[in-house]
2 protein chains.
Amino acid sequence: MTEKTRRTGRPPNAEAGEALKAAALRLIREQGYDGVSISAIATAAGVARQTLYNRWATKADLVLEAVFEETARYADRPAPDPQAPAADQLRVFLTGVFAHLGRDGDTLRALIAAAQQDASFGEAFRTRFVQPREEMVTEILSRARERGELPEGRSPRLMSEFIHGAFWYRLLNGQPVDDALAQEITDSVFA
Amino acid sequence: MTEKTRRTGRPPNAEAGEALKAAALRLIREQGYDGVSISAIATAAGVARQTLYNRWATKADLVLEAVFEETARYADRPAPDPQAPAADQLRVFLTGVFAHLGRDGDTLRALIAAAQQDASFGEAFRTRFVQPREEMVTEILSRARERGELPEGRSPRLMSEFIHGAFWYRLLNGQPVDDALAQEITDSVFA
DNA sequence: TTGATATATGGACTGCCGTCCACTAATTGC
DNA sequence: GCAATTAGTGGACGGCAGTCCATATATCAA
């Protein structure tokens, strides 16, 4: 259904898009998400403000894409060894996620806030960011269930919601999201 | 330390404050939190914009106070019977909280978002709203622990974080926060 | 070459925010 | 009554958001 290649018209300038994403990440790390205006990003990238709007509807959409590519570049997710004990898999996974939050937690908090204020961005954020991570945990727990490592009466889906809820709650309330929490969560789920 | 009564000067017009809170709640229910500007609230209340700023630093501070008084008016919290089984206490408490979210969940989501964007409001929101509710659950679970109703190896504090995290996560991701979730959570905590 | 199509730019415009100011109004202390 | 103090009003200001537009630019199709 979708046209992969446009047949005509001036092609988008790829450099402009890359410059915008790079400028957004740089400025936000320097001045915080809310301290950076769309105008400032466009100016820093050396393009017109309208060019940014041509690509993304909001600052949040731009930043989501930039963060997404950034994490992919650093190969953020070493897939957990499916043979290891499920508790270890979960702890390793959470440790990795929490380490990322230590670097970009403020940006993620800002994106969660943006998702509450803009329904269309919220949809994109959940689809591209939230659900995949929730499913990774659900999958670890489902394998654990099959191998009898997860105590009876615990639904992988509900446990995954609990786990994500716990660190969202900590993140959004300014509490530490660290290795100790990863250990506590893991102990609690498999106890 | 704080002076309770001012000795001199024109006294604040109590009606203006009440009119602002009432107008804020009414407009937000009609048009959504982000659809209502500070100017619109002041206009609807029939006062100058500066009068609103004299009382509250941000729209979020005004709405937090209005919601707070509103829930107090409707006597939102029938204290759970401390003699009942802890599982029942928890389920009743969660059912009550979730019913409130059905009415004002959108406003609460907006306040959580505002707390991420304004550190000073975040502090007030957590102190006045989040912590008291977290402590209520912690207390129910602590009593359950003393009476041997809470399985060993489960910290009331961590369980309370899990519980609140679970419904925050649902609320912030547009998933249902209903009686079924209250039942699931209760079963899971006491299973 | 010419026309159709799509992007890039700079500028304009409205609305709101947060702040500030001059002025008026209400209250207390002397 | 009068001065000091605080609250309320209306208006101004600069900054940013989001939208729109005229114009220039780049590419494809005929």
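First the proteins, then the strands, lettered A, B, ... as listed; each starts at 1.
- Aromatic ring orientation, A:Phe167 versus A:His164: tilted (interplanar angle from 30° to 60°).
- In this structure, A:Arg49 contributes its side chain and A:Ile38 its backbone to no donor-acceptor pair below 3.5 Å.
- Computed from coordinates, the A:Asp61 CG to D:dG18 C1' distance equals 14 Å when rounded to whole Å.
- Between B:Glu15 atom CD and D:dA7 atom C1' there is a gap of 14 Å when expressed in whole angstrom units.
- The aromatic rings of A:Tyr169 and B:Trp168 sit perpendicular to each other, their planes meeting at more than 60°, with 30° as the lower class boundary.
- Rounded to whole Å, atom C1' of D:dA17 lies 15 Å from atom CG of A:Leu62.
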Just by protein heavy atoms under 4.0 Å, how would nucleotides 8-17 of chain C read 5' to 3' in B, S and -?
SB--B---SS
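- Looking at B:Thr71, its side chain does come within 3.5 Å of a backbone N or O of B:Phe68 through a donor-acceptor pair.
- Side chain of B:Gln116 to main chain of A:Arg109: no donor-acceptor pair is present (N/O by atom type, distance under 3.5 Å, no hydrogens or angles).
- D:dC16 atom C1' lies 14 Å from atom CG of A:Leu52, rounded to whole Å.
- Rounded to whole angstrom, the span from the CZ atom of A:Phe121 across to the C1' atom of D:dA17 amounts to 17 Å.
- Comment: A:Glu15 does not engage A:Lys21 in a salt bridge, judged by the lack of any side-chain N to carboxylate O separation of less than 4.0 angstrom.
- Atom-to-atom, CG of A:Leu20 to P of C:dT7 comes out at 15 Å; the value is rounded to the nearest Å.
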